[in-house]
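Just so we're clear, the structure is a prediction, and the values are computed from it rather than from any experiment. Order of appearance sets the numbers: ligands from 1, and atoms from 1 within every ligand.
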Amino acid sequence: AKQEGKNTYKFFQKSYMKKSIERLILASDLRKAIENDELLLYYQPKFSCKTEKVNGFEALIRWDHPKHGMISPNCFIPLAEETGMIVHIDQWVLYQACLQLKEWQAQGLKPVKIAVNLSMLQFQQKNFLNIVRSILKETGIDPSYLEIELTERVIMDDPEIALKNIKRLKSIGVQISMDDFGVHYSSLSYLKLLPLDRLKIDRSFLQDMLANKDDQTIVKAMIQLAHNLEMTVVAEGVETIEQYNFLKSNHCDEVQGFYFDKPLPATNIIKYIS
Ligand code: C2E
Ligand code: CA
Ligand code: CA
Ligand code: CA
């Protein structure tokens, strides 16, 4: 047993070492990724339940790693947050999304909104509002085409700064969505304090919704809650027509998910806005 313990320990040491070395390498790769043009944005369409037409896109980051291929944000956003690189990356995302809007406008395509995900670190930068303003100014994008998605984590970490920044963003005309609603915190009190435009129901509530009455009740309640607070509601992770029909008949405003389309490179979404 002693021997075994020692081996296990050695094994742990080794795999731990290997993991931390891999992380170090990945972190240094990530540092170079921006300069090397390895980051890119995919866009997932959001549809209005009323018109069944696209009324915006969510920008989702991808990393086209020279050795590992396309890496999902779940694999590198946490690393970027721990190392602080996220501030740089989120700025790049904001800029890139605005450039994309400008390009679509120049091509005479239908005007649509782009929603961008921001991390807590980015949102709590002192000069955050100036960054947004200068990006909008440089690209010449009307702020009403930009939407910012925040998670409850971003807001609850420092509600005071969050409220201040949300109010400032709203005052320049940027729209704000509450992302992944209902997943992390149960505090509803901030909902009435924050001037949010949109509430996104997390896809975990949709997964078993059709088989699970409780999930149906929760989804219906979230839609009503949002409407009572004068917010629009988006359901994310819609994968089947049955889910869509349920949401539509319960007055959900917008839907997003694989049933409609997955996140796509910019060139593949022109069909939605021409
Ligand atoms: P999120 O903001 O909740 O984004 C939705 C995620 O669900 C996306 O994963 C999207 O591809 C996926 N999705 C959309 N429809 C469906 C569906 O019908 N079924 C399923 N199973 N999944 C669906 P993705 O692109 O891998 O992004 C994961 C997370 O990474 C995002 O979750 C967001 O929190 C974060 N992220 C993505 N881009 C950025 C970014 O530019 N900056 C920051 N800070 N975070 C980002
Ligand atoms: Ca999001
Ligand atoms: Ca989400
Ligand atoms: Ca989610």
Ring-plane angle category for Phe76 and Trp63, please: parallel below 30°, perpendicular beyond 60°, tilted otherwise.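 It falls in the perpendicular class, over 60°.
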
Just which atoms of ligand 1 are under 4.0 Å from any heavy atom in [X]?
{"X": "Ser119", "value": "44 (N)"}
{"X": "Asp180", "value": "3 (O)"}
{"X": "Gly257", "value": "15 (N), 18 (O)"}
{"X": "Pro263", "value": "11 (O)"}
{"X": "Glu239", "value": "17 (C), 18 (O), 19 (N), 20 (C), 21 (N)"}
{"X": "Asn74", "value": "28 (C), 29 (C), 30 (O)"}
{"X": "Gln44", "value": "14 (C), 15 (N)"}
{"X": "Glu236", "value": "3 (O)"}

query: Centroid-to-centroid, Tyr272 to Trp104, below 6.0 Å?
result: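 Not close enough - the centres of the two rings lie 6.0 Å or further apart.
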
Any N/O pair [X]/ligand 1 closer than 3.5 Å:
{"X": "Phe258", "result": "yes"}
{"X": "Ile77", "result": "no"}
{"X": "Gln256", "result": "no"}
{"X": "Glu149", "result": "no"}

I'd like the name of whichever of Leu41, Thr151, Leu150, Asn117 reaches closest to atom 33 (C) of ligand 1 through any heavy atom.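 Closest candidate by heavy-atom distance is Asn117.
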
### Query
Which residue from Ala97, Pro73, Ala59, Gly237 reaches closest to atom 35 (C) of ligand 1 through any of its heavy atoms?
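Ranked by closest heavy atom to atom 35 (C) of ligand 1, first place is Pro73.
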
Assess whether atom [atom1] of [X] is packed by more than 12 heavy atoms of other residues, nucleotides or ligands within 6.0 Å.
{"X": "His65", "atom1": "NE2", "value": "yes"}
{"X": "Glu160", "atom1": "CD", "value": "no"}
{"X": "Glu22", "atom1": "CD", "value": "yes"}

Minimum heavy-atom distance Phe246-Leu210, with the two atoms named:
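In this case the closest contact between Phe246 and Leu210 is CB-CD2, 4.1 Å.
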
Handout entry: Heavy-atom pair of closest approach, residues Cys98 and Leu136
Key =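 Scanning both residues, the minimum pair turns out to be SG-CD2, 4.2 Å.
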
May I ask you to identify, for [X], whether its side chain, its backbone, both or neither come under 4.0 Å of ligand 1 on a heavy-atom basis?
{"X": "Asp90", "result": "side chain"}
{"X": "Ile89", "result": "neither"}
{"X": "Arg203", "result": "side chain"}
{"X": "Val116", "result": "neither"}
{"X": "Glu58", "result": "side chain"}
{"X": "Val93", "result": "side chain"}

Pair [X] + [Y], salt bridge at N-O below 4.0 Å:
{"X": "Lys102", "Y": "Glu138", "answer": "no"}
{"X": "Asp29", "Y": "Lys67", "answer": "no"}
{"X": "Glu254", "Y": "Arg198", "answer": "yes"}
{"X": "Lys248", "Y": "Glu52", "answer": "yes"}
{"X": "Lys262", "Y": "Glu239", "answer": "no"}
{"X": "Asp261", "Y": "Lys271", "answer": "yes"}
{"X": "Lys200", "Y": "Glu58", "answer": "yes"}

- Item | Protein N, O or S atoms under 3.0 Å from the Ca ion (ligand 2) |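 My tally for this metal is 4.
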
So Gln216 and Lys213, side-chain contact (heavy atoms from CB on, under 4.5 Å) or not? Walk me through it.
CA-CA 5 Å; Gln216 287 179 23; Lys213 277 265 178 252; 3.7 Å; yes

For Phe205 and Phe181, what are the C-alpha separation, side-chain angles and deciding distance, and is it a ring-ring contact (aromatic ring centres under 6.0 Å, His included)?
CA-CA 10 Å; Phe205 295 103; Phe181 183 68; 8.0 Å; no

